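See structure below.
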There are 2 protein chains.
Amino acid sequence: MKPSVVTIEPNWQLCSDCAVRGSAVCSSLDAVELREFEHLGRRVHFASGETVFSEEDITTLFYNLLEGVMRLYKLLPDGRRQIVGFALPGDFLGMNILGRHNFSADAIGAVTACQFAKVPFGRFIEDRPHLLRRINELAIRELSQARDHMVLLGRRSADEKVAAFLLGWRERLASLKGASDTVPLPMSRQDIADYLGLTIETVSRTFTKLERHGVIEIIHGGISLLDPAKVEALAAA
Amino acid sequence: MKPSVVTIEPNWQLCSDCAVRGSAVCSSLDAVELREFEHLGRRVHFASGETVFSEEDITTLFYNLLEGVMRLYKLLPDGRRQIVGFALPGDFLGMNILGRHNFSADAIGAVTACQFAKVPFGRFIEDRPHLLRRINELAIRELSQARDHMVLLGRRSADEKVAAFLLGWRERLASLKGASDTVPLPMSRQDIADYLGLTIETVSRTFTKLERHGVIEIIHGGISLLDPAKVEALAAA
DNA sequence: CTCCAAAATTGATCTGGGTCAACCGGCTTT
DNA sequence: AAAGCCGGTTGACCCAGATCAATTTTGGAG
């Protein structure tokens with residue numbers, strides 16, 4: 001899905017009662033700074049499937065994801081796709097070198113984000129090293145996840161990949177909505193395949209196999225972990 | 001290789017004529033700061049194969065690589081290994097969250113590094129946001145490389161992986177020692193395989209195939225690119 | 001130099017996951 | 001409610017790369 005209408009509301013919302021106040025970049029700001037910060041960002045919405053930014057685009061905007069899920073991916077010239085991550089509320093997007101995004105980002109379902117213009121945001125950081133430290137912290141956390149994902153892509157079997165994905169995704173949702181054995185999967189099978197370096201058929205077959213063995217149950221819009229311990233054993237961490 | 005003797009010299013060397021002065025973290029420091037910085041670090045040496053730090057070790061030291069090459073890797077419980085990167089002079093190692101390394105690092109051949117104790121280094125950064133910005137820059141650059149590598153691991157064929165590796169490695173060496181079609185490969189075939197998510201046999205066969213086709217020549221301790229354009233075509237960027 | 005061990009290459013064979021193709025609901029459109 | 005579509009599932013078959021098994025080459029050590 002290409003360009004489309006981006007709804008922009010007047011900035012009624014207050015940072016102070018923002019859903020991601022405690023976990024996002026802004027967690028490093030005190031009450032006074034937050035008031036000033038409020039004027040820098042504005043809330044924007046993206047429809048399901050809409051592209052928020054593309055690889056190689058010049059970065060003029062940063063995003064702080066508030067609601068919804070995004071897929072972050074890179075394409076090869078011949079169309080092969082690797083999803084490098086899924087973004088969830090609290091994730092900060094747009095940091096890069098050379099002023100260009102190095103991956104593309106699409107909304108999966110409706111998305112709300114807090115949008116910042118690069119220049120004023122950069123100025124705001126300038127004399128607030130604690131915010132810079134927070135951004136650095138987020139970058140290092142992502143780097144650690146990226147390395148874990150390299151191990152998964154390079155050295156794990158299809159079964160291990162799928163099991164590790166289910167556990168990892170459940171874990172991330174747990175820290176947002178609380179722990180649960182019912183795991184919603186808003187992304188398509190193709191998305192999961194492109195995230196795990198597999199084909200859609202292999203992902204589908206692996207799900208059915210896990211279900212046949214009574215380890216998971218495939219439900220509408222997600223899966224339910226019937227035997228989490230078994231899944232953990234499969235993921236072989 | 002497990003613990004071994006770490007040679008420590010008195011800190012004769014001056015940062016000001018350090019080989020990586022211009023490219024490493026310290027490139028963000030002015031002459032005055034550099035004098036102070038000099039007292040924080042000390043030069044350490046590692047023998048070939050020696051482990052500098054291990055995954056899960058508590059981080060007490062940071063390293064700024066001065067000479068030599070290191071392999072950075074993660075192990076699965078059953079011994080499968082994924083090399084997440086090779087470190088070259090100018091690379092900064094040790095940044096992490098939760099105070100633990102999230103990968104292991106071995107010397108490939110003799111290595112010299114500038115070693116910093118975590119606490120005083122952290123204090124030094126404290127009131128020098130430009131150094132923090134430099135560290136952030138390096139983290140973001142690594143993140144970008146990590147994402148490129150995910151694409152390679154998840155979506156590229158063995159031939160493409162090997163070709164992309166040769167070009168990428170040549171590129172990195174070029175920015176250190178100047179461009180050349182003769183590419184030294186200090187790491188073993190097993191290291192290359194574990195970096196590319198392949199087996200040693202596949203790497204070896206791919207090299208021989210490229211040589212048979214007159215694209216490269218396998219020389220002692222490396223390869224020579226006879227037809228760089230062909231290699232680039234294979235890497236299919 | 002000779003001997004030994006580790007690294008690399010090469011060959012033969014096997015298999016996990018890809019490819020190709022058919023099919024099955026559930027939604028939307030008319 | 002028929003038609004069409006899209007996402008997902010299932011089956012049959014295939015192949016890139018893994019595995020298993022010898023060599024061959026390289027690099028020290030004595």
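Keep in mind that what you see is a predicted model, and the values were worked out from it rather than measured. Naming: A, B, ... by sequence-line order, numbering from 1 per chain.
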For the pair made of [atom1] in [X] and [atom2] in [N], what is the distance, rounded to whole Å?
{"X": "B/Ile218", "N": "C/dT9", "atom1": "CD1", "atom2": "C1'", "answer": "9 Å"}
{"X": "A/Ile200", "N": "D/dG11", "atom1": "CD1", "atom2": "P", "answer": "17 Å"}
{"X": "A/Ile223", "N": "D/dG8", "atom1": "CD1", "atom2": "P", "answer": "15 Å"}
{"X": "A/Gln190", "N": "D/dT9", "atom1": "CD", "atom2": "P", "answer": "12 Å"}
{"X": "B/Asp194", "N": "C/dA8", "atom1": "CG", "atom2": "C1'", "answer": "15 Å"}
{"X": "B/Ile219", "N": "C/dA8", "atom1": "CD1", "atom2": "C1'", "answer": "16 Å"}
{"X": "A/Phe207", "N": "D/dT10", "atom1": "CZ", "atom2": "P", "answer": "13 Å"}
{"X": "B/Lys161", "N": "D/dG17", "atom1": "NZ", "atom2": "P", "answer": "8 Å"}

Discussion item. C/dG26, OP1 or OP2 - any side-chain N/O from A/His220 closer than 4.0 Å?
Written reply: no

Worksheet item: Do any side-chain nitrogens or oxygens of B/Thr208 fall under 4.0 Å of OP1 or OP2 in C/dT10?
Response: yes

Discussion item. One thing to verify: whether B/Lys74 and B/Glu56 come together as a salt bridge, which I'm taking to mean a side-chain N less than 4.0 angstrom from a carboxylate O.
Written reply: no

Worksheet item: Taking it one step at a time, do A/Arg205 and A/Asp159 satisfy salt bridge (Lys or Arg N to Asp or Glu O under 4.0 Å)?
Response: CA-CA 10 Å; A/Arg205 275 188 253 270; A/Asp159 288 1; over 6 Å; no

Worksheet entry | Check: B/Asn96 and A/Leu143 side chains under 4.5 Å, non-hydrogen atoms | no

Item to complete: Answer yes or no: is there a side-chain heavy-atom contact under 4.5 Å between B/Leu234 and B/Leu210?
Response: yes

Discussion item. For A/Glu171, I'd like to know if atom CD has over 12 heavy atoms of other residues, nucleotides or ligands within 6.0 Å.
Written reply: no

Atom pairs under 3.5 Å: protein N/O with N/O of nucleotides 14-19 of chain C:
unit_1	atom_1	unit_2	atom_2	d
C/dG17	OP1	A/Ala158	N	2.8
C/dG18	OP2	A/Thr199	N	3.3
C/dG18	OP2	A/Thr199	OG1	3.0
C/dG18	OP2	A/Thr202	OG1	2.4
C/dT19	O4	A/Arg205	NH2	2.8

Practice prompt. Would you check, one step at a time, whether the test salt bridge (Lys or Arg N to Asp or Glu O under 4.0 Å) holds for A/Arg155 with B/Asp194?
Written response: CA-CA 8 Å; A/Arg155 287 296 179 225; B/Asp194 287 346; 2.8 Å; yes

Item to complete: Report the nucleotide, chosen from D/dG8, C/dA8, D/dT10, that has the shortest atom-to-atom distance to any side-chain atom of A/Arg189.
Response: D/dG8

Worksheet item: Within 45° of the axis and under 6.0 Å from the centre of the six-membered ring of A/Tyr73, does NZ or CZ of A/Arg81 qualify?
Response: yes

